[in-house]
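Data first, discussion second: the structure below is written as structure tokens.
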Amino acid sequence: APFSTAVAKEFDIPKATIAKPPDYGQLNPPPRLMLGPGPSNAWPRVYTAMATPMVGHMDAHFIQLMEEAKELLRYTWQTKNMFTVPVSGTGSAAWEAAHANLTEYGDVTLCAVNGYFGERAVDMSSRYTNNVARIDRPWGEVFTLDELKEAFAKYKPQLFWIAHAETSTGARQPLEGVAELCRQYDCLLLADTVTSIGGVPLFIDDWGIDAAYAGGQKALGIPPGMAPLTFGERALDKMSRRKEPVKNWYLDMNMIRKYMVSDGSGAPRSYHHTAPISMLYAFREGLKVLSEEGLENSWRRHRTVGEYFWEGLAEIGLKPHVAHAHRLPTLTTVKIPEGVDGKKVVKHCLDNYNIEIAGGLGSLAGVVWRIGFMGYNSKKENVQLLLAAFKTALK
Ligand code: PLP
């Protein structure tokens, strides 16, 4: 039927008044092999999962998939924490959720800073409290328990942030004794596990970690977009004792809980935000791939490939920045030899091999390259490709 006169008038638009759309080509990204600090290439099955038609975010089928993703995540982190969810957003969103929910203004937060992400922890927690203390270590080194004890005695924190895996330096922080120290001071232990989850032995419950977050885009082989977050009993208790509401609406886990976590009563979930459905498919699929391989096999694979890479580096005369004992198998910082232009090598790998690696951040800019073999990318043939690219770049 023809439009009414009024409607027809609305569409009687002189052509010249409509701005033209940009004329771009079809989506056609280059086939990069992403061997930097993340993201790494996703598992092929994960891409397939993302292309699966959507159901609604409140659909019972979707809620079931979310439950499965959460259970797979508990396995991945070796935790029984009921509050274990994929936060809609990247690792930083899950991270900010931890500070926003577990800190009240005036609380003392202590951050262990030995890299770029430690600096971010100071910045992030300072948005939620006026009492941020820090303990520092050179980038590439780790903290000893005695150093942490000293800092606890000095600052008496309520929340302690530490990176299990510092992606800016490639250092793996031992966590033995840290949970006991935290309990002694009635302090929550918040661990950044973005570059360790799935790739390095990690036991949330056995190690007494009260809260942790991660990202999917590293050793889990999932594109960025949903980020793991877990709170144990002590963290939930702190949340329940809050005097003020969480100062971040989107990341208020009291509200998100009603959508993502069953209260056991069978009550229907309530809408909080429209979950990124295709991302949840990807997230569940990536964790499913990991569970089929077996967590310990994935840890072992990352370590084997890491060692293989370090041996290969030695053969071409390159040295890792971090001591072997504290080196992450997932992400290696490699010293740029004197006289070599690090940026040129990065460009060489990209232009000639379609391989992405990265330079250093902060105080390690121009000092190291950052090279990761994570998740789907953690395999010996990728090490060989990278070493071949390096040989031609350095000759
Ligand atoms: N923490 C660490 C150790 C990281 O490596 C990253 C990202 O690389 C983040 C936090 C932040 O995660 P995202 O970039 O996914 O927000």
Side-chain angles (χ1 to χ4, degrees), residues 34-42 46 73 77 85-100 109 111-125 127 137 139-143 160-175 189-200 202 209 211-230 248 250-251 276 279 282-283 286 302 321-322 326-333 356-365 368-375 377-378:
M34 292 183 283
L35 301 181
S40 50
N41 298 71
V46 168
L73 184 53
W77 254 336
V85 297
V87 174
S88 303
T90 67
S92 303
W95 185 354
E96 183 141 9
H99 287 292
T109 302
C111 301
V113 183
N114 59 348
Y116 174 90
F117 291 100
E119 294 290 349
R120 186 180 292 184
V122 171
D123 183 6
M124 215 184 265
S125 55
R127 314 290 174 110
R137 201 87 182 92
W139 288 31
E141 295 182 13
V142 296
F143 295 89
F160 175 54
W161 177 93
I162 194 158
H164 182 221
E166 234 310 342
T167 323
S168 65
T169 67
R172 166 158 56 149
Q173 174 67 47
L175 292 173
L189 170 56
L190 169 60
D192 181 317
T193 69
V194 172
T195 298
S196 56
I197 191 170
V200 178
L202 170 59
I209 295 169
Y213 58 87
Q217 71 269 26
K218 317 251 180 184
L220 299 180
I222 305 168
M226 284 203 110
L229 177 69
T230 189
N248 185 316
Y250 189 68
L251 297 172
M279 273 318 304
F283 190 82
H302 282 83
H321 172 68
V322 175
H326 299 128
R327 204 178 294 157
L328 278 170
T330 40
L331 188 281
T332 306
T333 41
E356 179 188 276
I357 60 162
L361 287 173
S363 69
L364 293 180
V368 298
W369 293 292
R370 291 185 301 149
I371 299 169
F373 296 98
M374 301 191 261
N377 285 351
S378 169

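Note that ligands are numbered from 1 as they come in the structure, with each ligand's atoms numbered from 1 the same way. From a predicted model like this one, the values you see are computed outputs, not experimental measurements.
K218 NZ, 3.4 Å is the protein heavy atom nearest to atom 7 (C) of ligand 1. Nearest protein heavy-atom neighbour of atom 11 (C) of ligand 1: S92 OG, 3.3 Å. Here the protein heavy atom with the shortest distance to atom 3 (C) of ligand 1 is T167 OG1, 3.1 Å. Protein heavy atom nearest atom 2 (C) of ligand 1, with residue, atom name and distance: D192 OD2, 3.4 Å. From the protein, the heavy atom lying nearest to atom 15 (O) of ligand 1 is Q217 NE2, 2.7 Å.
Ligand 1 has no N or O atom lying under 3.5 Å from any N or O atom of R120, backbone or side chain. Between A165 and ligand 1, no pair of N/O atoms sits closer than 3.5 Å.
Considering only heavy atoms from C-beta on, Y213 stays 4.5 Å or farther from P228 through its side chain.
A donor-acceptor pair under 3.5 Å is absent between the side-chain atoms of R370 and the main chain of G360, judged by distance alone. Without hydrogens or angle criteria, K218 side chain to P37 main chain gives a donor-acceptor distance under 3.5 Å. When atom types are taken as modelled, the side chain of T109 and the backbone of S125 share no donor-acceptor pair closer than 3.5 angstrom.
Each of the atoms 5 (O) of ligand 1 lies under 4.0 Å from some heavy atom of T195. Short contacts between ligand 1 and T90, defined as distances under 4.0 Å to a heavy atom of the residue, involve ligand atoms 13 (P), 15 (O), 16 (O).
Note that the CD1 atom of I371 and the CD atom of E356 stand 12.0 Å from one another [nearest 0.5 Å]. Of the inter-residue distances, the one linking W95 atom CH2 with F117 atom CZ reads 6.5 Å to the nearest 0.5 angstrom. Of the inter-residue distances, the one linking H164 atom NE2 with Q173 atom CD reads 8.5 Å to the nearest 0.5 angstrom.
Atom OH of Y116 has 12 or fewer heavy atoms from other residues, nucleotides or ligands within 6.0 Å.
Proximity of A227 to ligand 1 is not established, as no heavy-atom distance is less than 4.0 Å.
Of the listed residues (Y116, W95, F117), the one carrying the non-hydrogen atom nearest atom 4 (C) of ligand 1 is F117.
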